[in-house]
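See below for the structure under consideration.
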Amino acid sequence: MRPNPKARPVHWTDRTLSVLRAGRLEACEKELEGLGGPGLFDAETTDADAERLFSQSYFAEEDRSVRLHSIEEMRVQVLSQFPAEMGLLNQEEFTLLLKLALFGGELPIYDWNDLLPARSLVYRMWCRMRPERGHWICMPRQICVSALMMLASEELKTVRDTALDVIDTVDNTLYLAGMMPAETIVRDLGFRLQGSLAAGKRDLFLRLVRSSFDTLLNREGQLVVYHPGLADPRGLLREQGGMHTGLDQGSMEELYGSLTEVEDPLYEELLDRIRDLCRPEANPEDTVEDLILLAKQGAPTEEMREVLGSKLICLPTEEMTQTLEAMHQRIPRWMTLNMERMQ
């Protein structure tokens, strides 16, 4: 495909993890404002609400059949799979679920970090938003009681431990490689959860993937998971023509050890040089993380310097620029994992 001569270039200052995350949270906030109306378990809910609720749920992505839905049918389905689904929550969702259960089913969403898990709980049809009260999220008594009863279950703990371990492994893989196929994660969950209360729950495995990671569909229609700091995942797909399918534990530890030896000294060096020179709204640790992620995407040193300058109360010094140059030269690009750079 030929490049569009009218396309406006996107500056690296607009492609940092901090900026990308802020954009995602703003979009999520707007989406939540449009998710009002009676919830699945409200007394006033009727079958007239069924299609709205279905369209605002994970079920709409999983069931493409053309048919009408009933409230009773969806209530039965949601409650029947609740134990397994509770085990397959990421930590942010689980924490918000417990807060809601312990505080009577209603909470205001003050923290931006709660926006994404709140949306996911609404998509699971466990909760609804109350935009007339601001950013309030509500969970019905049935779900509160079910959640509290499940807390003592050893089966739940087994599934949760496995799910969180898989999430941690995927996080590490994405940090090393940039992206990976979602199917690899689903197969791993399926294998590790055999014989558990979540055995064979493929749709719930995919819900865990979608709620925990940024995703897209490739040209073949396959779901791909990518690092939240990756500004142009489709561009990386085109450039590389393939994806890492995952790494065994031994390879992961070896690569991480090598990468740590390269990145940690550069991280500490730049952090020491900017710690007392960042603007009030710029966190020094986040700034260095942004720059390391830009180096993984091949950002030129001059543009990394521009990003750094936007975070400082002064112009970047020569020593800072030298550290940025070292980052650009030594940190391996995503998906290449050039071991020569790690030696």
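Fair warning: this is a prediction, and the values are worked out from it, not measured in the lab.
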_From CA spacing to verdict: side chain to side chain contact (heavy atoms under 4.5 Å, CB included), V166, R192_ = CA-CA 9 Å; V166 169; R192 296 178 60 174; 3.6 Å; yes

*Is the NZ or CZ atom of R141 positioned over F41's six-membered ring, under 6.0 angstrom from the centre and within 45° of the axis?*
no

_Sidechain-backbone polar pair: W12 side chain, L291 backbone, donor-acceptor under 3.5 Å_ = no

_My understanding is that only residues two or more places apart in sequence, or in another chain, count here; which of them pass side-chain hydrogen bond (donor to acceptor under 3.5 Å, both in side chains) with D161?_
K157

*Sequence neighbours left out, what passes ring-ring contact (aromatic ring centres under 6.0 Å, His included) with F59? Give chain and number order.*
none

*asked:* side chain to side chain donor-acceptor pair (under 3.5 Å), that's the test. Do S120 and Y58 meet it? Break it down for me.
replied: CA-CA 9 Å; S120 187; Y58 284 126; 2.8 Å; yes

*Going by the side-chain hydrogen bond (donor to acceptor under 3.5 Å, both in side chains) test, which pairs reach into residues 109-118, not counting sequence neighbours?*
R21-N113, D111-N113

*Residues S146 and Q142: side-chain donor-acceptor under 3.5 angstrom*: no

*Okay, side chain of T184, backbone of M180: is any donor-acceptor separation there less than 3.5 Å?*
no

*Sort and list the pairs that fulfil salt bridge (Lys or Arg N to Asp or Glu O under 4.0 Å) and have at least one residue in residues 117-127, not counting sequence neighbours.*
E31-R119, E85-R124, E93-R124

*Which residues pass the salt bridge (Lys or Arg N to Asp or Glu O under 4.0 Å) test with R64, sequence neighbours left out?*
none

_For the student: nearest non-hydrogen atoms of S18 and D290, plus distance_ = OG-OD2, 2.7 Å

*asked:* Quick check: do N90 and F94 have side-chain heavy atoms less than 4.5 Å from each other?
replied: no

*With sequence neighbours excluded, tell me which residues meet ring-ring contact (aromatic ring centres under 6.0 Å, His included) with F213.*
none

*Got I143 and L79 here, is their nearest side-chain heavy-atom distance under 4.5 Å?*
yes

*For R75, enumerate each residue passing the side-chain hydrogen bond (donor to acceptor under 3.5 Å, both in side chains) test, keeping only those at least two apart in sequence or located in another chain.*
none

*Hey, could you give me each pair passing side-chain hydrogen bond (donor to acceptor under 3.5 Å, both in side chains) that has a residue in residues 38-48? Not counting sequence neighbours.*
D42-R128

*With E325, which residues qualify under salt bridge (Lys or Arg N to Asp or Glu O under 4.0 Å), at least two apart?*
none

*ring-ring contact (aromatic ring centres under 6.0 Å, His included) with H69: which residues, sequence neighbours excluded?*
F54

*asked:* Please check: side-chain N/O of S310 versus main-chain N/O of V307, any donor-acceptor pairing under 3.5 Å?
replied: yes

*Restricting to pairs with a member in residues 126-176, which pass ring-ring contact (aromatic ring centres under 6.0 Å, His included), not counting sequence neighbours?*
F82-W126

*asked:* Which residues pass the side-chain hydrogen bond (donor to acceptor under 3.5 Å, both in side chains) test with R305, not counting sequence neighbours?
replied: T321

